[in-house]
Asks: 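After the structure tokens below, expect a handful of questions from me.
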Amino acid sequence: MLYILLGIIVLCALLCLAELIVRIWEKAEQSARRAARTHAARPVQKSICLNLPVCLPDRDSIKNIYSLSDQFADRFREVVHS
């Protein structure tokens with residue numbers, strides 16, 4: 001009986017260790033992706049600055065955001081209806 005209990009404890013410890021390793025790995029991948037995104041060469045975004053405390057985004061960038069959301073919505077509908 002003692003060996004069974006000890007085996008269960010060891011198994012749970014191994015599962016917790018595996019979960020911890022996976023979480024560390026995912027955080028490392030996310031930070032690497034963020035670093036790659038910030039260091040990637042991208043064109044300077046145009047903005048419209050008025051006498052406001054913030055700058056308004058360019059119309060083209062707003063259109064791109066809306067088109068991406070439309071594409072996502074269309075794909076989501078396809079998945080739901082299939």
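Along the sequence shown, residues are numbered consecutively beginning with 1. Keep in mind the model is a prediction, meaning the values are calculated, not measured.
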Asks: side-chain contact (heavy atoms from CB on, under 4.5 Å) with Arg77: which of Val79, Val80, Asp74?
Replies: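 With Arg77 as partner, Val79, Val80, Asp74 yield a single side-chain contact (heavy atoms from CB on, under 4.5 Å), made by Asp74.
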
Asks: Are Arg75 and Glu78 within salt-bridge range, i.e. N to O under 4.0 Å?
Replies: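 Yes, this pair counts.
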
Asks: Output the distance between atom NE2 (His81) and atom CZ (Phe76), rounded to the nearest 0.5 Å.
Replies: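 His81 NE2 to Phe76 CZ: 9.0 Å, rounded to 0.5 Å.
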
Asks: Atom CG of Leu6 and atom CE of Met1: how far apart are they, to the nearest 0.5 Å?
Replies: 12.5 Å

Asks: Counting only heavy atoms from other residues, nucleotides and ligands, does the tally under 6.0 Å from CG of Leu11 exceed 12?
Replies: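 Enclosed: over 12 neighbouring heavy atoms sit under 6.0 Å from CG of Leu11.
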
